[in-house]
Asks: 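Before we start, here is the structure in question, set down as structure tokens.
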Number of protein chains: 2
Amino acid sequence: MGRDGLLGSFEELVLLAVARAGGEGYGMTVRREIEARTGREVTIGAVYATLDRLEAKGLLSSHLTDGDAGRGGRARRIFRIERAGVDALATARETRAGLWEGVDLADLGGRVEGSR
Amino acid sequence: MGRDGLLGSFEELVLLAVARAGGEGYGMTVRREIEARTGREVTIGAVYATLDRLEAKGLLSSHLTDGDAGRGGRARRIFRIERAGVDALATARETRAGLWEGVDLADLGGRVEGSR
DNA sequence: GAAATGATTTCTACAATGTAGAAACTAGTG
DNA sequence: CACTAGTTTCTACATTGTAGAAATCATTTC
């Protein structure tokens, strides 16, 4: 993401998955959401590494649930989206909308065929 | 991008800049387009590295102009978007549309404030 | 009560992408 | 010829993307 507040593509995906879940979720939830929405399999390691990085940037925060882990398992680590995270998503969406404005892929497709 | 045909965020930006230019452009053109549209400064090295990677993936092709380089300067290297590139953009757009569907950031903002 | 099971997080490592900066090339110009 | 302008290439490093296996801990099973 560099100096700017720009999100990488997978970072956006993960942040969006938390947002979709109402602003809160834990690792496995996020993973399932991503797989369900994109049809793409991701490993749990990839998800956590990204969640950690987003937390380090202040876009998410996390805390452990004490006890109510339900049936079996370790305590859950709940991630919550922060204001900065919501803002980052909003910015990403707006910036992209501007970039795509006026782009006509169908038209482009035609030119590609006929060229050279 | 890994095994899948997924674009990184800067890759998408560069590919889109070529698309905006009617499917053809060279390094400096792309750079200016990106700076104009995003307000963000990018170095020319970053642009070329990405153009090369997109070409290696078959999303763009390139050829050198012979001579008509105008006043001063090396021969231009023209990049043209390929069908696979158009498809990659279309896929990126659709996938993202699905991910964002139903997300209400304003609503989320409210929850973030009041939490904990 | 020890071992198996299930749900989840953590750790480690490496590949791919993002980004910067300077060098090199080429054609005009004074 | 030295200089300037427009452009590409090269090199290097930081950040992000991704995988896979190990570690934790509550519950069930024998």
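Per chain, numbering begins at 1; letters A, B, ... match sequence-line order.
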Asks: What nucleotide, of D:dT9, D:dT7, D:dT18, holds the atom closest to the side chain of B:Arg77?
Replies: D:dT9

Asks: Quickly work out the A:Glu11 CD to D:dT15 C1' distance and round it to whole Å.
Replies: 9 Å

Asks: What residues, two or more places apart in sequence or in another chain, satisfy salt bridge (charged side-chain N to carboxylate O under 4.0 Å, His left out) together with A:Arg96?
Replies: A:Glu12

Asks: Mind checking side chain to side chain contact (heavy atoms under 4.5 Å, CB included) for A:Arg20 and listing every partner two or more places apart, or none if nothing turns up?
Replies: A:Glu33, A:Arg37, B:Val103

Asks: Kindly say if A:Arg32 contacts the phosphate of C:dT8, meaning a side-chain N or O under 4.0 Å from OP1 or OP2.
Replies: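 Affirmative; the distance criterion is met.
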
Asks: What is the distance, rounded to the nearest whole Å, between atom OH of B:Tyr26 and atom P of D:dG6?
Replies: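 Distance check: B:Tyr26 OH to D:dG6 P gives 10 Å.
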
Asks: Would you confirm whether A:Arg31, through its side chain, and A:Val42, through its main-chain N or O, come within 3.5 Å as a donor-acceptor pair?
Replies: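 Yes.
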
Asks: Determine: side-chain N/O of A:Arg40 to OP1/OP2 of D:dT18, distance under 4.0 Å, yes or no.
Replies: yes

Asks: Expressed as a whole number of angstroms, how long is the span from B:Phe10:CZ to D:dA14:P?
Replies: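 It is 19 Å, rounded to the nearest whole Å.
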
Asks: Roughly, in whole Å, what's the span from CG in A:Leu6 to P in D:dG17?
Replies: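 Whole-Å distance recorded here is 12 Å.
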
Asks: May I ask you to evaluate whether B:Ser9 reaches the phosphate of C:dG18, defined as a side-chain N or O under 4.0 Å from OP1 or OP2?
Replies: yes

Asks: With 3.5 Å as the limit, what N/O pairs link the protein to nucleotides 22-26 of chain C?
Replies:
residue	atom	partner	partner atom	Å
C:dC25	O4'	B:Arg74	NH2	3.0
C:dT26	O2	B:Gly73	N	3.3

Asks: Looking at every non-hydrogen atom in both residues, tell me the closest pair between B:Ala19 and B:Ile81 and how far apart they are.
Replies: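 Heavy atoms of B:Ala19 and B:Ile81 come nearest at CB-CD1, 4.2 Å.
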
Asks: Considering only side-chain heavy atoms of A:Arg53, which listed nucleotide, C:dG18, D:dT18, C:dA20, is closest?
Replies: D:dT18

Asks: Between C:dT19, C:dT8, D:dG17, which nucleotide gets closest to the side-chain atoms of A:Met28?
Replies: C:dT8

